[in-house]
**Student:** 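Sharing a structure with you now.
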Amino acid sequence: MPELPEVEVLVRHLAPLLKNRTVENVLVRRERVIRPTRVPQLKRKLRGAAFRGVSRRAKFLVFNLASASNGKPFSVLGHLGMSGRMYLLPKSAPLAKHAAVVLDLGDDHFIFEDTRYFGRFTLDLSPLESLGPEPLDRSFCSDQLAPALAKSTQPIKVKLLDQQLVAGIGNIYASEALFRARISPKRPARKLKPAQVAALCHAIREVLEEAIRFGSTVPLNFPGGRRSDSLFYYGTQPSAENPRTYEERLLVYDRENHPCVNCSTPIRRIVHAARSTFFCPTCQTK
DNA sequence: CACCATGTTCCTTG
DNA sequence: CCAAGGAACATGGT
């Protein structure tokens, strides 16, 4: 599920559902997802605590709660990893096979399910410290990227995945943003011209905003065990006002050999740092 | 069986 | 100290 737009859509979905709900109990079925927090510590902190809000930073979900003992605020940091999902279900529903953490909210369970267990649900907030700028902030512009790019010899596609450069872009939207900015993914970061850096910033913002806009039009109540056949858990059902599925909105990602929407040249796939990159060799020239 | 997968961190090498 | 590359993490789909 997990790049910035998917997390943003999930946060907007969860926030009203969790607000003012009290955690009655905590079940940790996979200790690795709460690390370095330990089970007793998490239970002590969460039992009786009430959700006050949910926000997002990069690909992280930040759950804000008020402690049961003294009402003091504290946060839990969530991350979906590669395969994480978070949702509420009535307590009567059977638990998914890979439900890693389950919060008893009274009538419902809040479930963090994660098949591959790369995700997190932890009291350790330190991963937030090293993140770069939020690409959707008003202040985000090429002034913030240019100095860092000027120092890097890495291909721009690889550099875009660096969460210290910009926080929240993943493998899908890196390819999509470069296509929209007509920049070759292979181009060394320091070789981008100022106009290209500006175009890239614009493309990043557009591609992320569009993904949020389309994702947010679709309901998000997905219990575990389904939809394993699609990239995302929303936007995959065509509707009257949105006849294209979400995946079809991706112009290059996972479209090797499909014709480019601009020029019909077959989209190519290359591998950078062990990850797939998709681009149009005609539109995205060096 | 082989290969691929939306992410992050750790280790090694230069 | 830093940049860069690759493996590791764990499971499932094709």
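Reckoned from all heavy atoms, side chains included, excluding hydrogens, waters and symmetry mates. Quick note on labels: first sequence line is chain A, next is B, and so on, each numbered from 1.
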**Student:** How about A/Cys283 and A/Thr265: do any of their side-chain heavy atoms sit closer than 4.5 Å?
**Tutor:**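 No - every pair of side-chain heavy atoms lies 4.5 Å or more apart.
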**Student:** Could you check which of B/dT9, B/dT6, C/dA10 has an atom nearest any side-chain atom of A/Pro127?
**Tutor:**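 Per side-chain heavy atoms of A/Pro127, the pick is B/dT9.
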**Student:** Using every non-hydrogen atom in the two residues, find where A/His79 and A/Met86 come nearest and quote the distance to one decimal.
**Tutor:**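 For A/His79 and A/Met86, the tightest heavy-atom pair comes out as N-CE, 4.3 Å.
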**Student:** Using only atom types and a distance under 3.5 Å, with no angle test, would you say the side chain of A/Asp108 pairs donor to acceptor with the backbone of A/Leu88?
**Tutor:**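 Such a contact is absent between A/Asp108 side chain and A/Leu88 backbone.
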**Student:** If you assign A/Phe278 and A/His79 each to the DNA chain B nucleotide with the nearest heavy atom, which residue ends up on the more 5' nucleotide?
**Tutor:**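 Of the two residues, A/Phe278 wins.
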**Student:** Is there a donor in the side chain of A/Asn25 and an acceptor in the side chain of A/Lys43, or the other way round, less than 3.5 Å apart?
**Tutor:**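 No, no side-chain donor-acceptor pair sits under 3.5 Å.
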**Student:** Heavy atoms under 4.0 Å, any strand shown: does A/Lys59 hit a base, just sugar-phosphate, or nothing?
**Tutor:**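 Sugar-phosphate, backbone atoms only, no base.
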**Student:** As a test of reading the structure: which of B/dA5, C/dA10, B/dG7 is closest to the side chain of A/Tyr117, going by heavy atoms?
**Tutor:**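 Nucleotide nearest to A/Tyr117's side chain: C/dA10.
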**Student:** Indicate whether OP1 or OP2 belonging to C/dA10 is found under 4.0 Å from a side-chain N or O atom of A/Arg32.
**Tutor:**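 The answer is yes; a side-chain N or O of A/Arg32 sits under 4.0 Å from OP1 or OP2.
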**Student:** So, is A/Tyr173 close to the B/dT6 phosphate, meaning a side-chain N or O under 4.0 Å from OP1 or OP2?
**Tutor:**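 Result: no.
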**Student:** Taking any heavy-atom pair under 4.0 Å as a contact, classify A/Phe118: base, sugar-phosphate, or nothing.
**Tutor:**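 Base: the residue A/Phe118, judged by heavy atoms under 4.0 Å, touches a nucleobase.
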**Student:** Describe the nucleic acid contact of A/Arg35 in one word from base, sugar-phosphate, nothing, applying a heavy-atom distance below 4.0 Å.
**Tutor:**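 Touches nothing.
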**Student:** Take atom CG of A/Asp254 and atom P of C/dG13, then tell me their distance rounded to the nearest Å.
**Tutor:**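 It works out to 17 Å between those atoms.
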**Student:** Nearest to the side chain of A/Thr115, which nucleotide is it out of C/dG12, C/dA4, B/dT9?
**Tutor:**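 For the A/Thr115 side chain, the nearest candidate turns out to be C/dG12.
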**Student:** Is any side-chain nitrogen or oxygen of A/Lys97 closer than 4.0 Å to OP1 or OP2 of C/dT11?
**Tutor:**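 For A/Lys97, the contact criterion (side-chain N or O under 4.0 Å from OP1 or OP2 of C/dT11) is not met.
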**Student:** Could you tell me the separation between the CD atom of A/Glu129 and the C1' atom of B/dT9, rounded to a whole number of Å?
**Tutor:**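 So the two atoms are 15 Å apart, to the nearest Å.
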**Student:** Minimum heavy-atom separation for A/Phe140 and A/Pro135, please, with both atom names.
**Tutor:**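 What the structure gives for the nearest pair is CD2-O, 3.2 Å.
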**Student:** Can you see if the side chain of A/Ser276 gets near the phosphate of B/dA5 - specifically, an N or O under 4.0 Å from OP1 or OP2?
**Tutor:**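 For B/dA5, OP1/OP2 do have a side-chain N/O of A/Ser276 under 4.0 Å.
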**Student:** Measure the distance from NE2 on A/His272 to C1' on C/dA3 and round it to the nearest whole Å.
**Tutor:**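 Between C1' of C/dA3 and NE2 of A/His272: 16 Å.
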**Student:** Could you check how far CZ of A/Arg275 sits from C1' of B/dT9, rounded to whole Å?
**Tutor:**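 It works out to 13 Å between those atoms.
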**Student:** Taking atom P of B/dC4 as reference, at what distance in whole Å does atom CD1 of A/Ile270 sit?
**Tutor:**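 So the two atoms are 15 Å apart, to the nearest Å.
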**Student:** Measure the distance from CD on A/Gln164 to C1' on B/dT8 and round it to the nearest whole Å.
**Tutor:**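 To the nearest whole Å, that distance equals 12 Å.
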**Student:** Please classify the nucleic acid contact of A/Arg120 as base, sugar-phosphate, or nothing, using heavy-atom distances under 4.0 Å.
**Tutor:**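 Contact class for A/Arg120: none.
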**Student:** Are any of A/His98's side-chain N or O atoms less than 4.0 Å away from OP1 or OP2 of C/dG12?
**Tutor:**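 Checking A/His98 against C/dG12: at least one side-chain N or O falls below 4.0 Å of OP1 or OP2.
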**Student:** In whole angstrom, give the distance that lies between atom CG of A/Asp114 and atom P of B/dT6.
**Tutor:**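 So the CG-P distance, A/Asp114 to B/dT6, works out to 15 Å.
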**Student:** For A/His98 and A/Tyr117, does a side-chain donor sit closer than 3.5 Å to a side-chain acceptor?
**Tutor:**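 Yes, side-chain donor-acceptor contact under 3.5 Å.
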**Student:** Answer yes if the side chains of A/Asn20 and A/Arg52 hold a donor-acceptor pair under 3.5 Å, and no otherwise.
**Tutor:**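 A/Asn20 vs A/Arg52: donor-acceptor pair found between side chains.
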**Student:** Any stems for DNA chain C, made of 3 or more Watson-Crick or G-U pairs in a row, each with both distances under 3.5 Å?
**Tutor:**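 So the stems come out as B:2-5 with C:11-14, B:7-14 with C:2-9.
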**Student:** How far apart are the closest heavy atoms of A/Gln164 and A/Ser130, and which atoms are they?
**Tutor:**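 Taking A/Gln164 first and A/Ser130 second, the nearest heavy atoms are CG-O, 3.1 Å.
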**Student:** Counting only side-chain N and O atoms of A/Gln154, is one of them less than 4.0 Å from OP1 or OP2 of C/dG5?
**Tutor:**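 For A/Gln154, the contact criterion (side-chain N or O under 4.0 Å from OP1 or OP2 of C/dG5) is met.
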**Student:** Under 4.0 Å between a side-chain N/O of A/Arg30 and OP1 or OP2 of C/dT11, yes or no?
**Tutor:**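 Indeed, a polar side-chain atom of A/Arg30 lies that close.
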**Student:** With a cut-off of less than 4.0 Å, is there a side-chain N or O of A/Ser152 near OP1 or OP2 of C/dA4?
**Tutor:**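 A/Ser152 to C/dA4 OP1/OP2: side-chain N or O found under 4.0 Å.
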**Student:** A/Leu61 and A/Val7: which non-hydrogen atoms are nearest, and at how many Å?
**Tutor:**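 What the structure gives for the nearest pair is CG-CG1, 3.8 Å.
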**Student:** When you measure from the side-chain N and O atoms of A/Thr153 to the phosphate of C/dA4, is any distance below 4.0 Å, counting only OP1 and OP2?
**Tutor:**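 Checking C/dA4 against A/Thr153, a side-chain N or O does come within under 4.0 Å of OP1 or OP2.
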**Student:** Roughly how many Å apart are C/dA7 and B/dC3, using the P atom of each and rounding to a whole number?
**Tutor:**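 About 13 Å, rounded to a whole number of Å.
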**Student:** Nearest nucleotide by nearest heavy atom, which residue falls closer to the 5' end of DNA chain B, A/Arg116 or A/Ser130?
**Tutor:**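 Between the two, 5'-proximity favours A/Arg116.
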**Student:** Whole Å only: how far is the CD atom of A/Glu256 from the P atom of B/dA5?
**Tutor:**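 Going from CD in A/Glu256 over to P in B/dA5 covers 10 Å.
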